[in-house]
Amino acid sequence: GAVVSQHPSRVICKSGTSVKIECRSLDFQATTMFWYRQFPKKSLMLMATSNEGSKATYEQGVEKDKFLINHASLTLSTLTVTSAHPEDSSFYICSARTGGTNTEAFFGQGTRLTVV
Amino acid sequence: GNSVTQMEGPVTLSEEAFLTINCTYTATGYPSLFWYVQYPGEGLQLLLKATKADDKGSNKGFEATYRKETTSFHLEKGSVQVSDSAVYFCALFTYNFNKFYFGSGTKLNVKP
């Protein structure tokens with residue numbers, strides 16, 4: 001199946017710094033990418049949906065200025081957590097769709113962010 | 001609105017037991033339905049899918065049938081293995097909203 005690579009898999013940063021997470025579709029063009037946040041033993045919370053070349057659509061309650069999403073190409077989307085705080089510590093997962101009639105999404109491996 | 005409800009876990013079974021994880025949904029339009037599996041510390045992997053009513057998705061011994069009349073997509077496996085221990089998510093995708101809706105996840109523990 002299609003492969004989505006997410007990097008880094010783990011990152012520890014200090015409060016107040018920014019962290020960038022990359023999500024790449026390795027063998028297909030992703031017209032739509034999704035960013036999720038997952039709390040321990042909980043389901044995935046959709047943060048935003050991004051389409052290549054356009055601004056991301058954020059879910060209600062997600063701060064646009066804190067979680068910057070860029071989908072600059074059909075194979076790359078990035079999530080930047082700005083001015084990170086300990087409460088931003090979480091597991092972040094991206095997924096990508098090829099679009100059209102193919103409805104399935106392929107997921108990255110996830111990034112464990114710890115803010116100290 | 002769109003939503004997915006799946007049975008609470010954890011589900012604990014002995015090896016070779018029969019597995020059922022219930023999933024029901026509400027949706028506008030005609031969603032596609034999925035089961036994803038998540039192993040500890042990893043992202044989600046597609047297990048199986050069905051895109052229209054009466055379709056049966058199957059993979060690695062797992063099966064689920066898209067039942068429009070009962071709005072269900074229950075996951076079944078005839079004989080589970082220890083390696084099936086993971087968290088299973090039921091999900092739907094709608095074109096209308098171009099996004100996925102996930103259930104809360106069901107943790108499966110299979111004991112030898």
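Side chains are part of it too, since the values below use all heavy atoms of this structure and drop only hydrogens, waters and symmetry mates. Quick note on labels: first sequence line is chain A, next is B, and so on, each numbered from 1.
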message: Please classify the contact between L44(B) and chain A as side chain, backbone, both or neither, with a heavy-atom cut-off of under 4.5 Å.
response: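 For L44(B), backbone and side chain are both near chain A.
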message: Between F89(B) and chain A, with a heavy-atom cut-off of 4.5 Å, which part of the residue counts as in contact: side chain, backbone, both or neither?
response: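 Contact with chain A: side chain only.
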field: Proximal component of Q38(A), with respect to chain B [non-hydrogen, under 4.5 Å]
entry: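 For Q38(A), the contact with chain B is made by the side chain alone.
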message: Heavy-atom cut-off 4.5 Å, strictly under: side chain, backbone, both or neither for R10(A) against chain B?
response: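 For R10(A), no heavy atom lies under 4.5 Å from chain B.
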Atom pair OH (Y39(B)) and CD (Q109(A)), whose distance is rounded to the nearest 0.5 Å: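 The CD atom of Q109(A) is 15.5 Å from OH of Y39(B), to the nearest 0.5 Å.
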- request: Go through S32(B), G105(B), G9(B) and name the one with the most non-hydrogen pairs under 4.5 angstrom from chain A.
  value: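 It is S32(B).
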query: Looking at K107(B), Q45(B), K99(B), which makes the most heavy-atom pairs under 4.5 Å with chain A?
result: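 Looking at each of K107(B), Q45(B), K99(B) in turn, K99(B) comes out on top.
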query: Would a line drawn from the ring center of Y36(A) to the ring center of F102(B) be shorter than 6.0 Å?
result: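 Distance test on ring centres: under 6.0 Å, yes.
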query: Is there a side-chain contact between Q38(B) and F107(A) (heavy atoms, below 4.5 Å)?
result: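 Counting from C-beta outward, Q38(B) and F107(A) never come under 4.5 Å.
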message: So N98(B) and T57(A), do their side chains get closer than 4.5 Å, heavy atoms only?
response: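 T57(A) does not reach N98(B) side chain to side chain.
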query: For G103(B), does its backbone N or O pair with a side-chain atom of S43(A) as donor and acceptor, under 3.5 Å?
result: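 Indeed, once roles are kept as given, a pair shorter than 3.5 Å links the two residues.
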query: Counting only heavy atoms not in E59(A), do more than 12 fall under 6.0 Å of its CD?
result: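 It does: E59(A) CD has more than 12 such atoms within range.
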